[in-house]
Protein chains: 2
Amino acid sequence: MQKAVEQLSKSGIKPSYQRVKILEHLMNEKNHPTAEQLYHQLKTRIPTLSKATVYNTLHAFTKSGLIRSVTTNQLGTRYDYVTDDHGHFLCLDCNRIFDFPREKLCYERELEGFEIYSEEVVLKGICRDCAKKR
Amino acid sequence: MQKAVEQLSKSGIKPSYQRVKILEHLMNEKNHPTAEQLYHQLKTRIPTLSKATVYNTLHAFTKSGLIRSVTTNQLGTRYDYVTDDHGHFLCLDCNRIFDFPREKLCYERELEGFEIYSEEVVLKGICRDCAKKR
DNA sequence: GTCAAAGTTTAGAATTATTCTAATTTGGTG
DNA sequence: CACCAAATTAGAATAATTCTAAACTTTGAC
């Protein structure tokens, strides 16, 4: 609880009840939920919650860099709380997303004059578990 | 024309009229069109063309590795003909996508046992032209 | 050549993620 | 308390994508 409020304040986002709950959820969840999933999971505890709030909030968080959005093209955009630089592996079978560590990328030469707000590395394929099952 | 047919055959995809036209279009276009844009641009030359065909075809091409899909989250998925390893920079202002060269990424240790089908590096921000205009 | 089977394309309906809108609620300030 | 701005809400609207069932093409067997 305290941590989420702190993070929001630090990012210049007013820590409303909904925002705190959404951020906490993302801080605890390790499974990269969609906006839809987040909405349903939180709806039980915040019955008045609206989808618009979830989307607005996720956009604000993403813009401020608190969370990262992973556009997978299947089942909608997925979100995770940003800790360090890591890439995402999407399993095309079970739809889970795995984090994996990666070096910070470096593009000074190629993209001179470009302002880079976010960078995303997404691999797609079959995860270890699903590969074994075949 | 010949090149597209050849590429399709090599990938084990039967080179139907529509497929050849779609692939040729992607080989010529440098601006990473959406399915929608492709559909409209080709519709003038193939009046019977259906959106379902465009989507089916793009999926087949992507699966075979002939083209790559760039999921940007704004204005739909965008496609480009694969030549070499490169990353994509999406300008949040003008919505253009810029290709830039990048090294092949290397994840042997972190993702042992995972089958990697595709890898995508997407940066988002403001391109040089748009940055200047401010 | 004719036929059936398989594969491809088509138009339009259906679905689904996301955005929009206008009204309501909330929280702080004088 | 009364005011204002910001945040939230429910539900409608939009837009990308998928689905469906029918029509058309191609292929190979006879």
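In what follows, chains are A, B, ... by sequence order, proteins preceding strands, each numbered from 1. Please read all numbers here as calculations on a predicted model, not as lab measurements.
Within 4.0 Å of Thr53(B), counting heavy atoms only, lies at least one base atom of the nucleic acid. Counting any heavy atom pair closer than 4.0 Å across all strands shown, Thr34(A) reaches no nucleic acid atom.
In this structure, the side chains of Pro33(B) and Leu26(B) come closer than 4.5 Å at one or more pairs of heavy atoms. A 4.5 Å side-chain heavy-atom check between His32(A) and Asp99(A) finds at least one atom pair inside the cut-off.
The 5' end of DNA chain D is approached more closely, in terms of each residue's nearest nucleotide, by Tyr39(A) than by the other of Thr77(B) and Tyr39(A). Both Arg78(A) and Pro47(B) sit near DNA chain C, but only Pro47(B) has its closest nucleotide nearer the 5' end. Annotation: of the two residues near DNA chain C, Leu49(B) and Gly76(A), the 5′-most nearest-nucleotide partner is Leu49(B).
At least one side-chain nitrogen or oxygen of Gln18(B) sits closer than 4.0 Å to the OP1 or OP2 atom of dT10(C). Within the structure, a side-chain polar atom (N or O) of His59(B) is placed less than 4.0 Å from OP1 or OP2 of dT18(D). Look at Tyr55(A) and you won't find any side-chain N or O under 4.0 angstrom from OP1 or OP2 of dT19(C). Here Thr48(A) does not reach the OP1 or OP2 of dT8(D): none of its side-chain N or O atoms lies under 4.0 Å away. Contact between the side-chain N/O atoms of Ser16(B) and the OP1/OP2 oxygens of dT8(C) is not found at any separation under 4.0 Å.
A continuous path of ILVMFWY side-chain contacts below 4.5 Å connects Val54(A) to Tyr79(A), so both sit in one hydrophobic cluster. Both Leu111(A) and Val121(B) are assigned to one and the same hydrophobic cluster, defined by single-linkage of ILVMFWY side chains at heavy-atom distances under 4.5 Å. One hydrophobic cluster holds both Val5(A) and Phe61(A) under the rule that ILVMFWY side chains link at heavy-atom gaps under 4.5 Å.
Summarising the geometry, the separation between NE2 on His40(A) and P on dT16(C) is reported as 12 Å, rounded to the nearest angstrom. Regarding Asn56(B), its CG atom lies at a distance of 10 Å from the P atom of dC19(D), rounded to whole Å. Summarising the geometry, the separation between CG on Leu58(B) and P on dT9(C) is reported as 12 Å, rounded to the nearest angstrom. Rounded to a whole Å, the CD1 atom of Ile22(A) is 8 Å from the P atom of dT8(D). As a whole-Å value, the separation of Ile46(A) CD1 from dA10(D) C1' is 16 Å. Between the P atom of dT17(D) and the CG atom of Leu38(B) lies a distance of 12 Å, rounded to the nearest Å. In this structure, OH of Tyr79(B) is placed 12 Å from P of dA16(D), rounded to the nearest angstrom. One interatomic measurement links the two molecules: NZ of Lys14(A) to C1' of dT26(C), which rounds to 10 Å at whole-angstrom precision.
In this structure, of dT18(C), dT8(C), dA6(D), it is dT18(C) that holds the atom nearest to the side chain of Lys51(A). Distances were taken from every side-chain heavy atom of Ser50(B) (C-beta onward) to each of dA11(C), dT8(C), dT9(C); the shortest belongs to dA11(C).
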